[in-house]
Number of protein chains: 2
Amino acid sequence: MSRTDKRVLTYDTTLRDGAQGEGVSFSHAGKLRLALRLDRVGVDYIEGGYAGSNRREMEFFAAVRREKLAHARIVAFGSTRRARARVGSDPLVASLLAVGTEVVAVAGKAWGLHVREVLRASRRENRAMIADTVGYLKERGREVFFDAEHFFDGCKEDPALALEAVDAAVGAGCDAVVLCDTNGGCLPHEVFELTRMVVGRVRVPVAVHCHNDAGLAVANTLEAVRAGAAQVQGTVNGYGERCGNANLCAVVPGLILKMGRRCLAPGALPKLRELSLFVDDLVNVRPDPRAPYVGRSAFSHKAGQHVNAVRKNPRTFEHVPPETVGNERHVLVSELSGGSNVLLKAVELGLGRKESAEGVRDVLEALKHLESRGYAFEAADASFRILVQKVLKKHRSFFDLEGFRVIVEKRGKDQPCISEATIKVRVKDSREQTVAEGDGPVHALDGALRKALIRFYPQIARVALTDYRVRILDPQEATAATTRVLIESTDGAETWGTVGVSENIIQASWEALVDSMEYKLFREEEKSRRPRRGPRRKAR
Amino acid sequence: MSRTDKRVLTYDTTLRDGAQGEGVSFSHAGKLRLALRLDRVGVDYIEGGYAGSNRREMEFFAAVRREKLAHARIVAFGSTRRARARVGSDPLVASLLAVGTEVVAVAGKAWGLHVREVLRASRRENRAMIADTVGYLKERGREVFFDAEHFFDGCKEDPALALEAVDAAVGAGCDAVVLCDTNGGCLPHEVFELTRMVVGRVRVPVAVHCHNDAGLAVANTLEAVRAGAAQVQGTVNGYGERCGNANLCAVVPGLILKMGRRCLAPGALPKLRELSLFVDDLVNVRPDPRAPYVGRSAFSHKAGQHVNAVRKNPRTFEHVPPETVGNERHVLVSELSGGSNVLLKAVELGLGRKESAEGVRDVLEALKHLESRGYAFEAADASFRILVQKVLKKHRSFFDLEGFRVIVEKRGKDQPCISEATIKVRVKDSREQTVAEGDGPVHALDGALRKALIRFYPQIARVALTDYRVRILDPQEATAATTRVLIESTDGAETWGTVGVSENIIQASWEALVDSMEYKLFREEEKSRRPRRGPRRKAR
């Protein structure tokens with residue numbers, strides 16, 4: 001059953017099934033950009049959307065036709081004709097033709113429950129709906145994929161009905177049968193066995209389309225390939241209705257790296273993480289740090305022993321080399337850190353191996369002291385970088401705080417809360433005093449600091465705070481406890497994290513704010529010193 | 001191979017492996033709360049942490065010993081003795097005994113790569129390390145689980161070495177063998193086959209411990225059970241190093257609902273979503289809306305056709321009924337929490353079934369409004385209770401805010417930050433104006449509020465705030481975003497949670513503070529009306 005030399009075709013449905021996900025939507029331009037990107041990495045089929053569902057979908061099909069795709073073929077998705085109607089007069093079937101794609105996907109029922117309770121049609125009518133529609137589209141020159149909706153659930157309940165549906169499509173000339181776990185609840189061995197049965201039965205290629213409601217979509221997809229499926233369907237990052245579709249960012253490396261199949265364009269795999277981040281960006285979703293293969297934490301090592309072992313041989317705690325999927329190793333500086341963590345981390349951040357090796361003991365010392373006070377640098381690379389600079393006596397302050405005052409006032413039960421911050425800072429021998437209001441005390445402080453700095457450092461206008469997190473470290477002491485604030489900032493090109501710790505949340509926030517601004521200014525200076533340097537080399 | 005009537009034991013390692021996850025850390029109190037919660041749902045084994053790794057871990061073992069766990073047994077985790085050393089003089093093995101748990105887990109090497117390159121020991125020494133350590137702990141009366149680290153990778157490379165390691169542990173009397181996919185890169189059929197081989201070979205129960213680096217941890221765990229494994233290991237929400245561990249919130253319903261096994265306590269499954277949210281809250285991580293079974297979107301229906309079909313018969317697009325795992329269906333056009341949930345929650349909180357049934361529609365309405373503004377009541381029982389009282393027009397205010405002002409000031413770079421709060425409240429027709437300093441703005445507010453109330457309500461002196469958590473709800477807007485504050489309070493006998501939401505963190509904290517004090521006063525009043533009532537009955 002193993003065909004290790006065979007190429008597995010990929011069918012991306014991010015633009016159709018992915019867009020069914022809660023909070024997921026694509027702009028018209030975003031759809032086109034994604035289609036071009038998928039084409040570039042060698043995806044074989046790109047499902048563009050429901051034909052005929054609305055004007056915007058139709059516009060996409062028209063627009064993508066004007067693009068020169070190098071490899072991928074656009075697929076229009078639709079259903080069989082309605083029950084008790086003529087295929088030639090079904091407006092949705094007509095739309096499937098109207099969009100002008102070479103390939104169309106036709107969904108039909110393969111589960112008795114749906115035939116009875118949703119279609120309210122006879123088994124015979126269901127077969128006719130499938131055969132009529134597939135035949136009609138084939139006669140008009142289309143490549144037709146038949147989506148056997150709920151195939152696995154249907155097969156478990158009534159295999160004869162499910163297989164009748166498949167046979168009807170094959171008999172009418174469909175070019176591939178897509179076995180769908182539409183509800184996402186099937187187990188891997190069920191998918192394996194039922195796929196193998198169909199592969200042994202039909203003469204056309206078999207595809208698999210899984211959902212992740214039981215957390216098994218990736219496994220089910222790989223098992224189907226092991227059983228002979230020649231095409232995998234899924235979405236980038238597993239977007240999709242409910243718990244999502246099979247995540248192609250996990251399926252594809254599984255096929256290539258673990259099952260020895262060919263997939264996508266040669267050399268595309270190292271672009272996988274980039275693709276994943278691109279799509280998250282497109283729909284404005286926070287990347288899942290724990291995503292298999294492509295997540296930021298996928299190759300992060302925290303425990304001291306693991307870090308030591310990975311230095312000896314990365315295979316000891318990495319199932320694949322991170323660079324094969326365009327990811328990289330991260331060493332987390334945590335309370336369990338030993339010297340090797342700090343050294344690796346310093347190198348990862350671009351400090352020369354020699355200089356950081358020299359200062360590593362001092363850095364460790366400072367780190368230990370700060371961690372015992374509640375600092376954590378795992379998500380605060382920029383603060384760690386500034387710390388290293390300070391310990392190595394390479395840090396220069398871009399500004400100096402002389403003081404601040406924050407007032408939060410509520411003048412009556414139903415009055416709004418007003419926040420005002422005043423700060424005094426010394427910048428380049430000038431003493432600046434500014435005041436700003438904000439939605440809350442930290443927002444007000446941020447406003448006042450920007451006012452004070454902008455004249456001297458106009459580049460800080462580009463810095464935006466993208467996340468702000470607060471953790472109280474010792475819950476026993478509740479409001480008097482130590483507060484850790486993590487801030488994430490971006491200038492559009494780079495993203496960095498900073499940390500502040502204090503009994504006082506305002507003071508902790510101030511520290512993290514200051515580190516963020518200083519990091520930006522430090523990086524600018526660094527770049528201006530090394531003007532024509534390429535992208536930072538990866539840590540190794 | 002199918003043993004559908006057999007109970008599968010659950011082994012939770014959230015506190016040990018879960019805490020290795022990037023950004024995951026537990027407070028001492030949080031660890032205890034989680035252990036009690038896991039015990040309550042019927043988890044069989046709770047791995048408490050590394051024995052001997054640091055003082056805080058040791059404190060947890062001591063503290064949890066003082067708790068009365070109804071069912072679960074605490075496990076201390078450690079390793080075999082060091083290479084070329086005596087087991088009796090190994091300090092970490094001594095720690096494993098010192099923590100005083102009945103059960104210990106001993107990790108040993110089952111992969112040649114690790115034996116050669118990390119241990120730098122001979123195969124024979126590796127076997128001796130395992131046998132010595134297991135034997136030593138068995139002689140001292142412990143139940144010993146042997147963690148065969150990297151078992152599957154090891155077995156694929158050199159089955160003889162991997163099986164030798166297992167045999168050494170079994171020969172020395174270990175009570176269970178844990179087959180680990182430590183790097184998380186194995187495929188389901190590999191896990192199935194290798195587990196089946198070990199199950200057929202050893203006379204002790206076999207457990208499985210999977211990581212999710214290839215997106216297959218849940219599938220691999222279920223496949224191991226199908227092959228005869230009797231115990232599953234994992235973490236709540238799949239927290240863990242790199243891509244995380246097997247997610248028990250997907251494994252357990254898979255076992256119960258799809259494989260017909262028994263697992264956890266009878267009736268625990270409908271508490272699964274609550275458990276998942278509780279743990280996310282504890283570590284201050286955003287719940288994954290797409291999480292299988294327990295995610296907010298897991299039963300969300302967006303497409304019109306799906307919604308219609310689900311109305312006809314939920315099985316058409318739901319692989320399991322949402323209520324079996326404590327989740328609920330969402331129709332994404334009109335978001336509405338189910339009335340039955342609200343009713344159940346109200347009953348759980350001690351309101352009579354009859355009175356809450358009458359007001360349920362009004363409560364739902366209010367809840368919907370508040371949730372849309374960012375309130376969340378999962379961890380804020382007391383605020384929910386006050387909300388219900390307010391909607392049912394049964395609430396009476398114990399005090400009324402007229403205004404507050406908080407000043408946080410830092411007068412120089414190295415000066416401390418000073419926080420001062422002034423409040424004006426009306427209490428029992430008296431107008432109180434108080435001022436207090438604190439370690440931070442919220443602490444100062446808390447102090448001022450207590451000063452104002454104590455004369456009228458001396459019982460509030462017993463209220464202590466035990467936890468204070470902050471979450472920023474819309475990360476895109478950073479410091480200007482909506483802030484949700486959760487406060488946990490106790491009076492020694494009862495513990496309650498309250499919530500506040502605002503753009504302004506001080507205002508949000510104030511709301512949660514006020515709810516906490518009001519809840520205490522309300523409960524006192526309630527008790528004085530029903531003086532000899534026993535402890536509050538559990539909802540069911």
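Only heavy atoms go into these numbers, but all of them, side chains included; no hydrogens, no water, no symmetry mates. Every chain is numbered from 1, with letters handed out A, B, ... down the list of sequences.
Residue B:Thr182 touches chain A through its side chain alone, counting heavy-atom pairs closer than 4.5 Å. Neither the backbone nor the side chain of B:Arg33 comes within contact range of chain A, judged by heavy atoms closer than 4.5 Å. Contacts between B:Ala291 and chain A at a heavy-atom distance below 4.5 Å involve the backbone alone (N, CA, C, O). At a 4.5 Å heavy-atom cutoff, B:Trp510 makes no contact with chain A through either its backbone or its side chain. Looking at B:Ile407, the atoms closer than 4.5 Å to chain A (heavy atoms on both sides) sit in the backbone and in the side chain alike. Heavy atoms closer than 4.5 Å to chain A are found in the side chain of B:Glu223, but not in its backbone. For B:Val283, the part lying under 4.5 angstrom from a heavy atom of chain A is the backbone only. If you measure heavy-atom distances from B:Ala246 to chain A, you find no contacts under 4.5 Å at all. Contacts of B:Glu117 with chain A are made by both backbone and side-chain atoms, with heavy-atom separations under 4.5 Å.
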inquiry  = Walk me through whether B:Asn183 and A:Glu318 qualify under side-chain contact (heavy atoms from CB on, under 4.5 Å).
reply    = CA-CA 6 Å; B:Asn183 287 5; A:Glu318 288 173 357; 5.7 Å; no

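If you take CZ on B:Arg242 and NE2 on A:His301, they are separated by 6.5 Å, rounding to the nearest 0.5 Å.
Here the side chains of B:Leu401 and A:Lys410 are in contact, with some heavy-atom distance below 4.5 Å.
Salt bridge status for A:Glu241 with B:Arg290: absent, with no side-chain N to carboxylate O gap under 4.0 Å. Salt-bridge formation is not detected for the pair B:Glu402/A:Arg411: no Lys NZ or Arg NE/NH1/NH2 atom is positioned less than 4.0 Å from an Asp or Glu carboxylate oxygen.
The distance between the ring centers of A:His150 and B:Phe317 falls below 6.0 angstrom.
Ranked by non-hydrogen atom pairs under 4.5 Å with chain B, the options A:Ala250, A:Gly244, A:Gly412, A:Cys249 are led by A:Gly412. Per-residue counts of heavy-atom pairs under 4.5 Å with chain B were compared for A:His189, A:Lys258, A:Lys312; the largest is that of A:His189.
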